[in-house]
Each structure stands twice: as C-alpha cells, then as structure tokens.
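Below: one structure, written as structure tokens.
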Amino acid sequence: MRPVITVSKLSKTYASGFEALKSVDLEIRRGEIFALLGPNGAGKTTLISIICGLVNPSTGTVRVGGHDIISDYRAARTMIGLVPQELTTDAFETVWSSVSFTRGLFGKAANPAHIERLLKDLSLWDKKDSKIMTLSGGMKRRLLIAKALSHQPQILFLDEPTAGVDVTLRAAMWNLVRSLRASGVTIILTTHYIEEAEEMADRVGVILEGELILVEEKTELMRKLGRKRLTLHLAQPLQTLPASLAVYRLQLANDGHDLVYDYDDALGENAGITSLLRQLADEGIVFRDLQTAQSSLEEIFVGLVEDRA
Amino acid sequence: MNRYAMAAIYTFEMARTRRTLMQSVISPVLSTTLYFIVFGAAIGTRIPEIDGVSYGAYIVPGLIMLSLLTQSVSNASFGIYFPRFTGTIYELLSAPVSYLEIVIGYAGAAATKSALLGLIILATAALFVPLHIAHPVWMLLFLALTAITFSLLGFIIGIWADGFEKLQMVPLLFLTPLAFLGGTFYSINMLPPFWRTVTLFNPVVYLVSGFRWSFYGQGDVSVAISLAMTLGFLVLFVAMIAWIFRTGYRLKT
Ligand SMILES: Nc1ncnc2c1ncn2[C@@H]1O[C@H](COP(=O)(O)OP(=O)(O)OP(=O)(O)O)[C@@H](O)[C@H]1O
Ligand SMILES: [Mg+2]
C-alpha cells in the first residue's frame with residue numbers, strides 16, 4: 001500500500017545556522033499509529049512543523065497523500081489536523097466559535113452536529129459557550145484536539161498530547177486515539193513518555209540530534225533490541241562463581257542470593273539457557289525460583305542514546 | 001478559492017470588533033465630536049469660509065480621513081499581529097488557505113470596520129454642521145479605497161512588527177502627523193508657496209483632497225491626481241504583501 005506520508009531527504013537549517021534535521025527519510029503507513037521518540041531538542045517538532053506547513057524545509061520533499069506539501073499544499077493540508085505542543089489558543093473566543101473557526105479555515109462548510117459530537121467526545125460540551133481563557137490547561141489541550149479534528153482530517157499529528165494531562169484524561173485521550181485509528185485515521189504522535197509509545201504505537205521512530213536513527217515495528221524493535229534477563233534465586237548464597245561458568249558472564253546480586261544472566265532474546269535457542277541450567281546442576285548449584293524480564297522500550301531508548309554518546 | 005476560510009477569518013475579525021464595540025466606536029466618535037466642538041463651534045465661527053464652505057463643514061472630510069487612516073492601519077495591524085504574538089498563527093499556516101485569502105480575510109474585515117466607522121463619524125458630523133455631499137458615489141469610492149489601501153498597510157505593519165511598540169509607532173509617529181499636516185484642518189493653498197510645495201510630498205494631502213472634492217466639488221489638487229495617488233498606494237502595498245508572502249518574511253522560519 002502506498003504510504004500516506006513520504007518524507008525524503010528532508011533537512012532543516014534554521015536561520016541561526018542550527019541544523020535541526022539531517023536528511024530524514026520516513027514513510028508513514030495509512031492507518032497506523034506512529035510514535036516519534038526523542039529527547040528534548042531532537043527535532044520532533046521541527047519535522048512535524050515542516051510536514052504541516054509551519055516551517056519551510058531547507059532541502060528535501062514531503063508528500064502527503066501523494067500531494068507535495070509545497071506545490072500542492074491545499075490538497076496536502078486538507079488531509080491534516082495538527083495539535084501543537086504549546087497550548088496556543090485565543091483567549092476571548094468561546095470554545096464553540098474557536099472549533100467552528102478551524103473547520104472553516106480548512107475549507108469545510110459548517111457542521112454543528114459534527115462539532116457537537118467532538119465536544120461531547122472530549123468532555124467539553126458543557127464548556128462550549130465558555131471563553132477559552134476560563135479553561136484549565138487540560139481542557140485547552142482537549143480544545144486543541146477538537147480543533148484539529150474539526151475538519152475530519154485523515155491524518156492527525158499530536159505533538160506531545162499528554163503533557164499536562166492527568167491520568168484519567170490520558171486514558172480517555174488514548175481511547176479517542178484508538179477509536180480514530182479504528183475509523184482509519186493515521187496518527188503520528190511525539191512523546192517523551194516511552195510507555196506511551198509502547199502502549200499506543202504500531203511503529204516507533206527514534207530521532208536524535210536531527211537524525212532519524214531508527215524506524216521499526218514496535219514489537220520487532222522490542223524483540224530485536226530487547227535484552228532479556230534471567231534471575232535465579234539460589235537456595236544457598238554464593239561467594240564466587242565457578243570458573244566453568246565464565247562464558248555466561250553471570251553476575252551475583254543480592255549478597256550472592258541471586259544469579260543474574262543477561263542474554264539476547266533474538267538468539268532464541270542459542271541463548272544458552274539450557275546449557276547454563278545443565279552446568280549449574282553439574283556444579284551442584286540449586287535454585288529455589290527463577291524469573292525472566294524483558295527490557296522495556298525505555299531501556300532500549302536509553303541504550304540507544306548512550307551508544308551514540 | 002477557499003471561501004469558507006475567508007469567511008471564517010472575516011467573521012472572526014468582525015466578532016472581535018463586536019466584542020470591543022465600545023472602544024472601537026465610542027472613542028473615535030468622541031474624539032471627532034471634540035474636534036467639532038473645538039474647531040467647528042468654538043474657533044471655527046471666527047474663521048472665514050474656505051472655498052465657500054464654512055470652516056466646521058470644511059474639516060469634516062479631513063477628520064473622516066484621519067480616522068479612516070489610523071483606524072484601518074491599527075485594526076489590520078493588530079488583527080494579524082495578535083495571532084503571531086499568541087502563536088495561534090500556526091492554525092493559519094497549517095490550513096489550506098492561500099496568502100491572498102488570508103489578506104482578504106484580515107484586511108477585508110479591517111477595511112469594513114474602519115469604513116463603517118467613517119460613516120458613523122459622518123453621521124455624527126451631520127449633527128453639528130450642515131453637510132452637503134456633491135458626489136456621493138465618489139465619496140463612497142474614496143472611503144472604500146482608502147480603507148482597503150490602509151488596511152493593507154496595516155497588514156504589512158502587523159507582519160513587520162515584533163512588539164507592541166512598533167505596532168503603535170507607525171500610526172502615532174507617521175500617520176497622525178501626516179494627517180494633521182496634510183490639509184485636514186486647512187487648505188494647503190493657505191500655506192506660503194514653499195511650504196505648499198513641501199506639503200505636496202505628504203501623501204495624505206491627496207487622500208484628503210480627493211475626499212473633500214467628493215463633498216464640496218473642489219480640492220487642493222485635482223481629483224484625478226488624488227485618485228491616481230490612492231491607487232498608486234494600493235498597488236504599492238499589494239506589491240509589498242506579495243513579496244512578504246513569496247519570501248515567508250516573518251511568518252515562517
Ligand atoms: N526557530 C528556531 N530557530 C532556531 N533554532 C530552532 C528553532 N526552532 C527550533 N530550533 C532548534 O532546533 C532543535 C530542534 O527543536 P525541536 O523543537 O524540533 O525539538 P523537539 O524534538 O520537538 O524537542 P522537545 O521534545 O523539547 O519538544 C532545537 O535544538 C531547537 O533549539
Ligand atoms: Mg517539540
């Protein structure tokens with residue numbers, strides 16, 4: 001299937017001379033949830049801003065639904081809804097007029113029924129006639145989402161949607177995102193919270209210092225880069241490890257009560273668990289219990305960042 | 001054309017006007033009334049007729065022009081500067097609207113507002129002095145043309161400004177002095193020849209003169225020149241806006 005967004009060799013050098021994006025190539029698939037991960041200043045917002053038309057690219061091209069974002073900006077932008085990172089709203093407008101305004105801007109005839117449904121979905125219905133300045137931060141965030149969805153876009157960009165949003169609201173937001181995806185909307189979100197990407201995304205891209213260093217299916221990424229850790233709780237504490245076990249690079253923890261084995265999950269049968277256990281038995285080391293743990297995306301991410309440092 | 005977008009911007013701006021109705025209408029009307037009381041009733045009775053028109057009536061077109069210029073510029077500049085200031089400009093930039101549509105929306109609303117204001121001031125003036133409008137159609141044409149032209153200038157200023165001081169600087173430091181010195185309160189033919197020549201470099205002279213001609217059938221310069229100058233400004237500002245949009249000047253990084 002043709003990708004819904006194609007970014008090719010996209011670079012951005014700001015007027016200050018700062019190179020915020022370095023030849024980024026990226027394809028977003030129709031209907032997926034794509035999480036863009038990266039530390040502060042990595043270039044996430046810059047990438048989104050170029051795709052949405054807020055920032056001029058220095059070199060490279062972006063196509064949205066096959067339309068070039070510059071030469072065919074109308075068709076490209078009509079498909080997109082953007083929830084910006086900053087809470088930028090008017091102050092004196094009402095919620096209702098602000099959402100209606102956005103719909104108009106995107107070239108759609110008024111549709112009060114759609115806006116009513118949106119505001120209800122986002123629990124803003126009782127605020128529809130309130131001035132925006134009277135809303136709380138979380139409500140403003142939801143208002144921005146309502147505005148972004150006011151023209152029924154096929155692609156939704158969420159730039160750190162959960163910043164400043166409480167747990168209940170966050171859950172509600174993810175439900176909305178899932179239902180949007182179910183209705184065929186492609187979603188690109190940025191986040192610092194790796195659990196969010198882990199929970200929500202179909203695919204994950206990691207951006208660091210303007211370079212997209214990795215794009216992967218979330219499950220594949222976790223499988224490929226995921227380290228697994230086997231912890232054996234010993235019946236008798238050990239002071240030292242027998243030399244015969246040196247190849248496994250085992251570690252003793254918990255005052256010698258625990259034996260820790262880190263292995264690469266991708267190795268599958270060659271990970272050596274069977275032989276390790278057999279050798280332990282040969283050495284007469286008895287364990288009461290065991291557990292395995294898979295490293296989270298968070299650990300993977302931190303690992304990637306450290307590898308480059 | 002994305003007419004929904006133009007309509008959205010236009011109604012958004014007009015709604016802003018309605019919210020601030022008091023300050024946007026009352027204050028110009030009040031200041032104009034003060035001018036009439038001071039110059040028309042108090043001092044004006046001691047000033048002889050100019051070109052066969054009583055002084056109180058003579059200053060009406062100039063006063064309307066004065067409000068029209070300053071209001072068009074400040075409305076339009078504020079209209080586009082404010083979203084830049086708050087950051088809500090992101091919406092405009094991400095929307096499928098052309099720059100032309102943005103200008104039509106913002107400058108159109110600003111021009112509408114200041115033209116309405118001009119008419120309100122005209123009505124106010126009619127309460128104080130006997131008014132006579134020789135060429136009503138031309139009067140409306142000049143009114144609309146000036147409102148549009150200077151709303152475009154305001155739009156340019158709103159994009160150029162990077163602070164509220166700059167926003168207020170142009171109306172305060174340039175437009176008001178130029179309007180006062182541009183024959184709002186007197187005929188430039190009353191000036192000594194040297195100063196008359198200097199004054200001819202003041203663009204406002206042509207605007208006021210043309211507008212006054214539409215009222216009383218005579219101006220300081222010929223109406224054709226006035227019209228040509230007004231259109232000249234229009235073209236100049238349109239060209240500047242075209243350049244701004246081609247380069248993304250101060251709008252996009
Ligand atoms: N207008 C600008 N002029 C100059 N440099 C800029 C501009 N905007 C962003 N930058 C720089 O570009 C880099 C990338 O910024 P960007 O906002 O894209 O990061 P980000 O990944 O979204 O970060 P965060 O997670 O903090 O939101 C940063 O170093 C930033 O300082
Ligand atoms: Mg950001």
Side-chain angles (χ1 to χ4, degrees), chain A residues 12-16 18 20 45-46 48-58 67 69 72-94 97-98 100-111 131-133 144 147-148 150-151 153 157 159, chain B residues 1-24 75 78-106 108-109 159 162 164 243-253:
Chain A
K12 174 64 187 180
T13 306
Y14 281 109
S16 60
F18 184 82
T45 301
T46 303
I48 288 183
S49 300
I50 292 175
I51 299 173
C52 295
L54 310 186
V55 168
N56 286 323
S58 298
H67 310 287
I69 54 157
D72 200 3
Y73 69 93
R74 273 195 213 267
R77 291 182 194 171
T78 305
M79 296 177 68
I80 298 177
L82 165 66
V83 181
Q85 181 173 1
E86 306 290 333
L87 285 177
T88 39
T89 55
D90 292 300
F92 305 104
E93 295 299 313
T94 65
S97 68
S98 179
S100 308
F101 172 72
T102 309
R103 187 177 165 88
L105 267 192
F106 279 78
K108 292 271 169 78
N111 183 346
K131 287 198 164 128
I132 295 173
M133 62 183 174
L144 289 179
K147 281 163 79 79
S150 65
H151 61 282
F157 283 92
D159 200 352
Chain B
M1 288 290 258
N2 182 346
R3 64 195 170 87
Y4 289 111
M6 284 188 286
I9 296 172
Y10 186 87
T11 42
F12 180 94
E13 284 297 295
M14 293 309 279
R16 196 166 62 79
T17 305
R18 269 196 299 280
R19 275 200 308 272
T20 54
L21 199 60
M22 292 303 263
Q23 76 214 51
S24 40
N75 287 337
F78 195 80
I80 189 69
Y81 179 74
F82 204 63
R84 288 180 57 221
F85 177 72
T86 58
T88 52
I89 187 101
Y90 88 85
E91 257 196 301
L92 280 180
L93 296 177
S94 68
V97 287
S98 70
Y99 291 129
L100 179 66
E101 289 153 3
I102 294 179
V103 174
I104 291 176
Y106 278 101
I159 284 183
D162 47 16
F164 281 99
W243 175 82
I244 285 173
F245 285 145
R246 222 181 33 246
T247 58
Y249 172 75
R250 298 236 169 152
L251 278 172
K252 286 192 189 186
T253 43

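Just so we're on the same page: letters track the sequence lines, and every chain starts at 1. Both backbone and side-chain heavy atoms feed into the values below; hydrogens, waters and symmetry mates do not.
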With only heavy atoms counted, which part of A/Phe101 is less than 4.5 Å from chain B, the side chain, the backbone, both or neither? both
Strictly distance-based, threshold 3.5 Å: is any side-chain N or O of A/Ser49 a donor or acceptor partner for the main-chain N or O of A/Val55? no
With a 4.5 angstrom heavy-atom cut-off, is it the side chain or the backbone of A/Thr78 that approaches chain B, or both, or neither? both
Side chain, backbone, both or neither: which part of A/Ala76 has an atom under 4.5 Å from a heavy atom of chain B? neither
Are more than 12 heavy atoms from other residues, nucleotides or ligands located less than 6.0 Å from atom OH of A/Tyr14? yes
By a 4.5 Å heavy-atom criterion (distance strictly below it), what part of A/Lys108 contacts chain B: side chain, backbone, both, or neither? backbone
Ranking B/Thr86, B/Ile102, B/Val97 by heavy-atom pairs under 4.5 Å to chain A gives rank one to B/Val97
Answer with side chain, backbone, both or neither: which region of B/Thr11 has an atom nearer than 4.5 Å to a non-hydrogen atom of chain A? neither
With a 4.5 Å cut-off on heavy-atom pairs, point out which of A/Thr88, A/Leu105, A/Thr102 contacts chain B the most. A/Leu105
Working note: B/Ile9 + B/Leu92, criterion side chain to side chain contact (heavy atoms under 4.5 Å, CB included); need CA distance, chi angles, decisive distance, verdict. CA-CA 9 Å; B/Ile9 296 172; B/Leu92 280 180; 3.8 Å; yes
Side chain, backbone, both or neither: which part of A/Leu144 has a non-hydrogen atom closer than 4.5 Å to chain B? side chain
Heavy-atom neighbours of A/Arg74 CZ exceed 12 at 6.0 Å: yes
Flag the pair B/Phe12 / A/Glu93 as yes when at least one side-chain heavy-atom distance between them is below 4.5 Å, and no otherwise. yes
A/Lys147 versus A/Thr89: any side-chain heavy-atom pair under 4.5 Å? no
Close side-chain approach of A/Glu86 and B/Tyr90, heavy atoms under 4.5 Å: no
Less than 4.5 Å to any heavy atom of chain B: does that hold for the side chain of A/Ile80, its backbone, both, or neither? neither
